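Notes follow the structure.
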Amino acid sequence: MQPCSFHDRGSDGMSRQSPTLVLLPGNMCDARLWLGDGPVAGAVPLLAGHKIHHADLGHDDSIAGMAARTLGAVDGPLIACGFSMGAIV
């Protein structure tokens, strides 16, 4: 497999900001889901060189709160990748 590429150019030919990949874990999971020996860790090296944000969903007691905290932690465009509860966020 080839690494993903998010290089984008607008209609004016100017380069746009690459989106941040936001990884949203499931209930009772954290960043370890995506790293090390986690079940989906094999996909993360394919994204080398791209901005990645590991959402910390353990501080809020509502989906809306989790979403607000996550959005507040990321500047610019993003691509959300969620597992289980993270997909709901």
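Keep in mind that this is a model prediction, so the values were computed, not measured. If you read the sequence from its start, that first residue is 1, and numbering goes on from there.
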Original post:
Is there a chain of hydrophobic side chains (I, L, V, M, F, W, Y, each step under 4.5 Å between heavy atoms) that links V74 to I63?
Top reply: yes
Original post:
Roughly how far, to the nearest 0.5 Å, is CG of L57 from OG of S84?
Top reply: 10.5 Å
Subject >> Whether K51 side chain and S18 backbone form a donor-acceptor pair below 3.5 Å >> reply: yes
Original post:
Hey, quick one: are I79 and L71 part of the same hydrophobic cluster, counting side-chain heavy atoms closer than 4.5 Å, chains of contacts allowed?
Top reply: no
Subject >> Donor-acceptor contact below 3.5 Å, side chain D56 vs main chain G58 >> reply: yes
**OP:** Can you see which heavy atom on A80 is nearest to which on L24, and at what distance?
**Re:** CB-CD1, 3.9 Å
**OP:** Please round to the nearest 0.5 Å and tell me the distance separating atom NE2 of H53 and atom CG of D75.
**Re:** 10.5 Å
**OP:** Starting at OG1 of T70, measure out to CG of L78 and round the result to the nearest 0.5 Å.
**Re:** 9.5 Å
Subject >> Exercise: identify the closest heavy-atom pair between V89 and M66 >> reply: CG2-SD, 3.8 Å
Subject >> pair M28-M85: side-chain heavy atoms closer than 4.5 Å >> reply: no
Subject >> Closest heavy-atom pair and its distance - D30, P25 >> reply: O-CB, 3.8 Å
Subject >> Passing option when I52 is tested against T20, V22, L23 for side chain to side chain contact (heavy atoms under 4.5 Å, CB included) >> reply: L23
